[in-house]
Amino acid sequence: MDSSPIVTASIGDQVYASHDAKIPDISEQTKLFNEAMEGKPDDKGKNRKKRKKKSKATKPTGFEEYYCEPVMTPAEAWDEKNLVYSPDRSFVERIEEGIQRYRARRRLDAVRNQVFTQYLILGGVDATARQFQGADKLPDDLIRESTKGELRDMVSDDVIHRGGEGGGRFYHPASSEHWDVDFTGVVAGFMSHKVLDMSGGEMEMIWIASNTIQNFLKYLILHDVCPEHADDIHRAIKLCDQAFEEIGLVSNALELVPGAFNRSVVALHCEEEDGDAISLLVDNKNLDRNHALHTVALIATLVLPTLGGSSTPNVNAMEVTNPIERTFEITSITPPTKEMRQRVAVVSEHLRKSNPSTPPIQACGTMQGHPVIVLDGWDVTDKLTDEEAKEESSFILEELILEQLRVGMKVTIGVSTCTFPGGGTFKVIRYVKGIKPSFYTFLPQDLMRYWKEPVPNERPGPSIHDRHDLLELAVGEDEADD
């Protein structure tokens, strides 16, 4: 048998293979190729015909404004209604299935995924990442033999514990007496604390958080996951919009408080404040005392009669007493009347003619509130008597500030009581520590967010001999080096 090697050659579309076949002259093939290419423009020529790239349509994320759920077949609809979310299954099984299916049908980016995970953890669902549980860790035969739902359960991070698992950090039916199914409460607690921590006050991030949670709640309604809690879920959906609106209003109000009127009263009748309050960043020393006196006199003349006082108050005889710091819940807001706005505008314009550098005086309205104790996870030592809790206080604020406030909001402020000889009393705001939205809620499980189950530690505890042993070891090493 001839042992000569097979010679192969590939030129163009022709392949030559033979033990002793003559390979065609490469130069001849090149010549033919060049002749065929004559008259065609260069790759970078202007006459080159460019292929139109087919634009790849981006897959929907499920958070688009006009996104619609994919249409289900009759079999899938029947299966979902009678098997997956059957009333015969417990709430725990249905909501767990709904969470897992929702996450599988949404393209959550890193930010939305973090928001949704933290929301579930606050709600008592264990959504912490588990190691060695991905699809690449499953055997091939198990993947082939398992259904789609079984595979989703195997790799899902969102679980509701059964029995005594979870260590009290997450919900489990065995200790259901310590938990309440409250969709609205969880949204309120999540938007009150965690969202503000994650966003740093950025409204875009707050909108993403609100939109993500609202999208999930609408999914539960659409697929009829837990119809027994439908009313509660609808309230939670509305709260998402309310939370986004009020957080923006709170941010605006904090930039405006305590207002020109209260700063004028403080500059005229109060001593300098010390502390870390937000409004203390505004220096009252540079206020024009003459302009401050005009501001207090004008606003007091217009507003004090609505508080039971005289229409001709003596500003110089006003007494400012009882400085305290408290949290007040807003019970009512009364904006200035049209007549008040007109009179303030006329007087303000007259004052600016004589001194153009002075800022215009703004019309003021009133706000009423009563003291409350706000729970935020810290030990609260302050107590309120029944009489103190029912006592209504009046505050005078500019209309622009009142527009940013809502009934139910909680304001933590330093106040003093202002009293006029002819009658009429109100609280002057010396400084503002913070404003909380009307839906503010503190959930006890928020304290368990980073709690870990204690485990036995075999390492011996610290001893007074530990330091002595270390010193001896260090001295021995020094002597060995010498």
Side-chain angles (χ1 to χ4, degrees), residues 252-275 277-324 334-367 393-405 411 413-432:
N252 296 336
L254 288 174
E255 296 178 359
L256 300 172
V257 291
F261 172 77
N262 287 282
R263 286 205 303 269
S264 298
V265 175
V266 170
L268 294 174
H269 298 278
C270 299
E271 297 179 357
E272 183 179 354
E273 299 287 350
D274 295 324
I278 296 172
S279 59
L280 292 184
L281 300 176
V282 180
D283 189 4
N284 293 328
K285 293 181 180 179
N286 297 327
L287 287 178
D288 184 353
R289 294 185 64 85
N290 188 37
H291 180 70
L293 187 62
H294 285 302
T295 300
V296 175
L298 174 61
I299 299 301
T301 301
L302 297 176
V303 179
L304 208 60
T306 64
L307 302 177
S310 171
S311 59
T312 56
N314 185 357
V315 177
N316 294 323
M318 179 176 62
E319 295 182 359
V320 180
T321 58
N322 191 25
I324 58 173
T334 306
T337 63
K338 183 179 180 180
E339 182 184 356
M340 289 181 182
R341 297 191 192 98
Q342 293 175 348
R343 292 186 61 182
V344 169
V346 171
V347 176
S348 178
E349 184 66 23
H350 176 73
L351 293 175
R352 284 174 58 82
K353 287 181 180 179
S354 58
N355 188 0
S357 62
T358 58
I361 301 176
Q362 301 178 20
C364 293
T366 58
M367 176 187 79
S393 298
S394 298
F395 305 87
I396 300 177
L397 291 166
E398 279 73 15
E399 184 177 15
L400 185 59
I401 299 178
L402 294 177
E403 290 175 351
Q404 312 303 319
L405 301 176
V411 291
I413 51 182
V415 297
S416 294
T417 303
C418 294
T419 307
F420 287 87
T425 302
F426 68 94
K427 291 281 196 300
V428 59
I429 301 177
R430 305 194 325 272
Y431 60 85
V432 178

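Atom CD in E349 sits 7.0 Å away from atom CZ in R352 (nearest 0.5 Å). With rounding to the nearest 0.5 Å, the separation of NE2 in H294 from OG in S348 is 11.5 Å. I299 contributes atom CD1, which lies 11.0 Å from atom CG of L397 (distance to the nearest 0.5 angstrom). Atom CG of L302 is separated from atom CD1 of I361 by 10.0 Å, given to the nearest 0.5 angstrom. Rounding to the nearest 0.5 Å gives a distance of 9.0 Å between CG of D288 and OG1 of T295.
Checked options K427, R430, H269; the residue passing with S416 is R430 (criterion: side chain to side chain donor-acceptor pair (under 3.5 Å)). Just one of T425, V320, N322, T321 meets the side chain to side chain contact (heavy atoms under 4.5 Å, CB included) condition when paired with C418; it is V320.
Annotation for M340 and C364: closest pair SD-O, 4.2 Å, computed over non-hydrogen atoms. Contact record, E398 with A260: OE2-N, 3.3 Å, taken as the closest heavy-atom pair. The heavy-atom pair separating A300 from F420 by the smallest distance is CB-CZ, 4.2 Å. Minimum interatomic distance between L400 and Q404 (heavy atoms only, all atoms of both residues): O-CG, 3.4 Å. Closest of all the heavy-atom pairs between L402 and P335 is CD1-CA, 4.3 Å.
Under a 3.5 Å cut-off, the side chain of E399 and the backbone N or O of P336 do not form any donor-acceptor pair. In terms of modelled atom types and a separation under 3.5 Å, the side chain of R289 and the main chain of A267 share a donor-acceptor contact.
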Exercise. Take I396 and N262, measure what side-chain contact (heavy atoms from CB on, under 4.5 Å) needs, and give me the verdict at the end.
Key: CA-CA 8 Å; I396 300 177; N262 287 282; 5.6 Å; no

Quiz item: Under the side-chain contact (heavy atoms from CB on, under 4.5 Å) criterion, do V265 and M318 qualify, and how do the steps go?
Solution: CA-CA 10 Å; V265 175; M318 179 176 62; 4.0 Å; yes

Quiz item: Can you check side-chain contact (heavy atoms from CB on, under 4.5 Å) on V415 and F395, steps first, answer last?
Solution: CA-CA 10 Å; V415 297; F395 305 87; 3.9 Å; yes

Quiz item: Under the side-chain contact (heavy atoms from CB on, under 4.5 Å) criterion, do L298 and T301 qualify, and how do the steps go?
Solution: CA-CA 5 Å; L298 174 61; T301 301; 5.6 Å; no

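Between T306 and T366, some side-chain heavy-atom pair lies under the 4.5 Å cut-off. In this structure, the side chains of M367 and L405 come closer than 4.5 Å at one or more pairs of heavy atoms. Counting heavy atoms from C-beta outward, L304 and F426 have side chains that approach closer than 4.5 Å. Side chains of Y431 and I413 form no contact here, defined as non-hydrogen atoms less than 4.5 Å apart.
Around CZ of R343, the count of heavy atoms belonging to other residues, nucleotides or ligands within 6.0 Å does not exceed 12.
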List the atom pairs, with distances to 0.1 Å, where a side-chain N or O of residues 307-317 and a protein N or O form a donor-acceptor pair under 3.5 Å, not counting sequence neighbours.
from	atom 1	to	atom 2	distance (Å)
S310	OG	T312	N	3.1
S310	OG	T312	OG1	3.3
N314	OD1	N316	N	3.3

